[in-house]
Amino acid sequence: MMTELTDHEGYRLIKNEYSECLLDYVILRSDGAYRGAESHKEAVVAAFGLLNGRERISNHWTKGGFQVWVEQSKMEAVPITGEELFFIPEDLRRYRTRRDAYRPGVCWDWQTDTGHFCYGYAFLHPPYGVPYWLGDFERLNCVLFPEGEALEVFYWNDTWSNYFEDGSDWWGTGCWSIYDRKAEHFVVIGASLSD
């Protein structure tokens, strides 16, 4: 069983300063003992269930009837490092560090060195753009993951939920479950956007 940490500072920061971000963040605490990959899967399933209670899921407004479903039997994950989670391709790093580096029409690398969809790219370069910079990405992650060296991260495939249909068209999809061993909570991040 998982409990959403609705009063977490990360939610306040997203609502008040990063409201244009279309990634889905869910912050949870397990009501039971941590069981590694099994707990990660439980957190992701719980997080996707909680998305259905929100006004917006990725590109969709739930008042229009959109709801996500999960086929747990199709879920697969691989462990990744914290360094891979926070990886930002060098060109995107330069572009999102200096305001004078803006270059319209540039196609950024959206993959990490191991071929996974890049969380940094998802935050900084959605289809219609956001007014956020590298410092914003770092600031949010410092609040979500204050004990950065104590993270256990899984990267999930994208064949187990209709959530991923939009991003599968062209922009990309990502789902990460991050467990902070010191804070003893999970952050599940979903990314799937379309124009």
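Keep in mind that the numbers below use all heavy atoms, side chains included, and drop hydrogens, waters and symmetry copies.
Proximity of Val70 to Met75: side-chain heavy atoms (C-beta onward) are separated by under 4.5 Å at one or more points. Side-chain contact check for Ser161 versus Phe48: some heavy-atom pair is nearer than 4.5 Å. Using a 4.5 Å cut-off on side-chain heavy atoms (C-beta onward), Tyr34 and His40 make contact.
A donor and an acceptor atom, one from each side chain of Ser194 and Asp166, are nowhere located under 3.5 Å apart. Side-chain contact of Glu20 with Tyr132: a donor-acceptor pair under 3.5 Å is absent, judged by distance alone. Side chains of Tyr163 and Asp24: a donor on one and an acceptor on the other come within 3.5 Å. When only modelled atom types and interatomic distance are considered, His8 and Tyr25 share no side-chain donor-acceptor pair under 3.5 Å. In this model, a donor atom of one side chain and an acceptor atom of the other lie less than 3.5 Å apart for Glu4 and Tyr11. With 3.5 Å as the limit, one finds a donor-acceptor pair spanning the side chains of Ser177 and Trp156.
Between Val130 and Leu124 the shortest heavy-atom distance is CG2-O, 3.9 Å. Between Pro127 and Trp171, the shortest heavy-atom contact is CD-NE1, 3.6 Å. Closest of all the heavy-atom pairs between Ala183 and Asp180 is N-OD1, 3.0 Å. Nearest heavy-atom pair, Leu140 versus Gly10, reported as atom, atom and distance to 0.1 Å: CD1-O, 4.3 Å. Contact between Pro131 and Asp136 at its shortest, heavy atoms only, is O-OD2, 4.2 Å.
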>> I'd like to know whether Asp158 forms a side-chain contact (heavy atoms from CB on, under 4.5 Å) with Ser168, so could you lay out the CA-CA distance, the side-chain angles of the two residues, the decisive distance to 0.1 Å, and finally the verdict.
In response: CA-CA 8 Å; Asp158 65 358; Ser168 294; 4.1 Å; yes

>> ring pair (Phe, Tyr, Trp, His ring centres under 6.0 Å) for Phe154 and Trp176? Distances and angles first, verdict last.
In response: CA-CA 6 Å; Phe154 280 82; Trp176 303 266; over 10 Å; no

> side-chain contact (heavy atoms from CB on, under 4.5 Å) between Glu84 and Val153: does it pass, once the steps are laid out?
Replying inline: CA-CA 9 Å; Glu84 185 172 0; Val153 185; over 6 Å; no

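Classification of the Phe186-Tyr179 ring pair by plane angle, with boundaries at 30° and 60°, yields tilted. Ring orientation note: the planes of Phe137 and Phe86 are nearly perpendicular, at an angle over 60° on the 30°/60° scale. Between Phe123 and Tyr18, the ring-plane angle classifies as perpendicular under the 30° and 60° cut-offs.
Residue Glu55 qualifies as open at atom CD: its count of foreign heavy atoms under 6.0 Å is 12 or below.
A side chain to side chain contact (heavy atoms under 4.5 Å, CB included) with Met2 is found for one member of Val188, Val26, Leu28 and no other, namely Leu28.
Residues Trp69 and Val45 do not share a hydrophobic cluster, defined by chaining ILVMFWY side chains whose heavy atoms lie under 4.5 Å apart. Two different hydrophobic clusters hold Trp61 and Leu51 under the rule that ILVMFWY side chains link at heavy-atom gaps under 4.5 Å. Tyr121 and Trp170 fall within the same hydrophobic cluster, where Ile, Leu, Val, Met, Phe, Trp and Tyr residues are linked whenever their side-chain heavy atoms come under 4.5 Å apart, directly or through other members.
With values rounded to the nearest 0.5 angstrom, Trp160 atom CH2 is found 11.0 Å from Glu71 atom CD. If you take CZ on Phe117 and OG on Ser192, they are separated by 8.5 Å, rounding to the nearest 0.5 Å. The distance from the CD1 atom of Ile57 to the CG atom of Leu22 is 12.5 Å, given to the nearest 0.5 Å. Distance CG/Asn16 to CD1/Ile14: 10.5 Å, rounded to 0.5 Å. Separation of atoms CG (Leu5) and CZ (Arg29) is listed at 5.5 Å; rounding is to 0.5 Å. With rounding to the nearest 0.5 angstrom, the CG atom of Asn162 is 8.0 Å from the NE2 atom of His60.
In this structure, Thr62 contributes its side chain and Arg54 its backbone to a donor-acceptor pair below 3.5 Å. Between the side chain of Arg56 and the backbone N or O of Ser58, at least one donor-acceptor pair lies under 3.5 Å.
Between Lys41 and Glu38, none of the side-chain N atoms (NZ, or NE/NH1/NH2) sits under 4.0 Å from a carboxylate O, so this pair counts as no salt bridge. Salt-bridge annotation for Arg139 and Glu17: present, with a side-chain N of the basic residue lying under 4.0 Å from a carboxylate O of the acidic one.
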